[in-house]
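What you see is a predicted model; the values in this text were computed from it and never measured. Side chains included, hydrogens not; waters and symmetry mates left out as well; all remaining heavy atoms used.
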Amino acid sequence: MQLFVSDKGYMKVYPMKRKSEFKDALHLFCKEIGVPHTPVLDPSGEQSSKSVRQFSNQVGMTLKLLEESTQWANRAELYIGLLKRMVYADLRSTNSPLCLWDYCAERRALIHNLIPSKMYQNFGKSPHEATHGSQGDISNLLFGWYEWVKYTEISDIAFPAQRQVLGRCLGPTKNEGNTMSQTILTAKGTIVPRRTVRPL
């Protein structure tokens with residue numbers, strides 16, 4: 001997982017399977033949020049690689065690399081600690097499987113971005129409003145983490161089986177369906193996006 005934090009406190013979580021995917025995550029951050037002026041990066045190989053430096057030159061970023069063993073100097077480390085604490089609390093309170101932690105982290109980062117911040121740079125605005133200039137939409141966060149829901153099964157179901165089946169809500173989907181689409185953990189253990197969802 002890679003967490004990016006802008007100077008306005010805007011958090012974005014990108015799941016990565018390998019460290020070599022850092023450049024792709026940085027590219028997505030620039031595309032979705034905007035190009036940061038001076039990102040502060042760890043001195044690890046994938047974050048200071050030639051391809052990352054070339055990409056930063058192309059988009060007009062000035063990379064700032066920390067000294068080795070001084071990761072605490074990066075403000076993002078504070079946010080990483082806060083995000084981990086919130087994810088731990090969600091996982092523990094709902095007794096949800098640990099393998100779902102990345103969905104929980106993405107949901108928590110989304111909630112963080114929509115809550116007004118005490119950062120003096122934001123003047124009481126949420127990180128989303130300070131970054132984009134408009135208030136964020138919270139309507140797709142109506143379900144709690146790992147909450148029981150009923151969703152409409154869209155596959156062919158023969159009578160008398162119910163089309164409304166039980167599942168667990170893992171938060172809003174990304175790039176699938178409409179704004180209200182939710183990521184659902186099915187009884188079979190698969191994860192599907194669904195628009196027709198209601199609390200149990």
Are more than 12 heavy atoms from other residues, nucleotides or ligands located less than 6.0 Å from atom CD of Glu32? yes
Quick one: hydrophobic cluster around Ile115, which other residues, with the 4.5 Å side-chain cut-off, linked directly or via members? Leu110, Ile111, Leu114, Ile138, Leu141
Could you tell me whether a side-chain N or O of Asn178 sits under 3.5 Å from a main-chain N or O of Ser181, the two making a donor and an acceptor? yes
Can you measure from NE2 (His128) to CD1 (Ile33) and round to the nearest 0.5 angstrom? 7.5 Å
Determine the minimum heavy-atom distance between Pro116 and Gly124, stating which atoms define it. CB-O, 3.5 Å
Closest approach of Ser93 and Asp90, non-hydrogen atoms and distance? OG-O, 3.2 Å
d(Ile184 CD1, Leu170 CG) to nearest 0.5 Å is 7.0 Å
Does Tyr88 sit in a hydrophobic cluster with other residues, and if so which ones, taking ILVMFWY side chains as linked at heavy-atom separations under 4.5 Å, directly or through other members? none
So how far is it from Leu63 CG to Gln47 CD, rounded to the nearest 0.5 Å? 9.5 Å
Are there more than 12 heavy atoms of other residues, nucleotides or ligands under 6.0 Å from atom CG of Leu200? yes
How long is the span from the CG atom in Leu26 to the OG atom in Ser51, to the nearest 0.5 Å? 10.0 Å
With Ser96, the side chain to side chain donor-acceptor pair (under 3.5 Å) member among Tyr103, Trp145, Tyr146: Trp145
Could you give me the CA-CA distance, side-chain angles and deciding distance for Gln54 and Ser49, then say whether side-chain contact (heavy atoms from CB on, under 4.5 Å) is met? CA-CA 9 Å; Gln54 285 176 341; Ser49 67; over 6 Å; no
Distance-only polar pair, side chains of Gln182 and Thr173, donor-acceptor under 3.5 Å: no
Passes side chain to side chain donor-acceptor pair (under 3.5 Å), Thr152 versus Gln164? Steps please. CA-CA 5 Å; Thr152 302; Gln164 292 280 320; 2.7 Å; yes
To the nearest 0.5 angstrom, please state how far the NZ atom of Lys23 sits from the OG atom of Ser56. 10.5 Å
Closest approach of Leu83 and Ala105, non-hydrogen atoms and distance? CD1-O, 3.9 Å
Nearest heavy atoms of Arg107 and Phe143, plus distance in Å: NH2-O, 3.3 Å
Tell me, yes or no, whether the heavy-atom count around Lys19 atom NZ, taken from other residues, nucleotides or ligands under 6.0 Å, exceeds 12. no
Do you know which two heavy atoms are closest between Leu91 and Pro97, and how far apart they sit? CD2-O, 4.2 Å
Heavy-atom closest pair, residues Asn140 and Pro172: O-CG, 3.4 Å
As a quick check of understanding, evaluate side-chain contact (heavy atoms from CB on, under 4.5 Å) for Lys150 and Leu166, giving each step before the final call. CA-CA 5 Å; Lys150 278 201 164 187; Leu166 278 175; 4.1 Å; yes
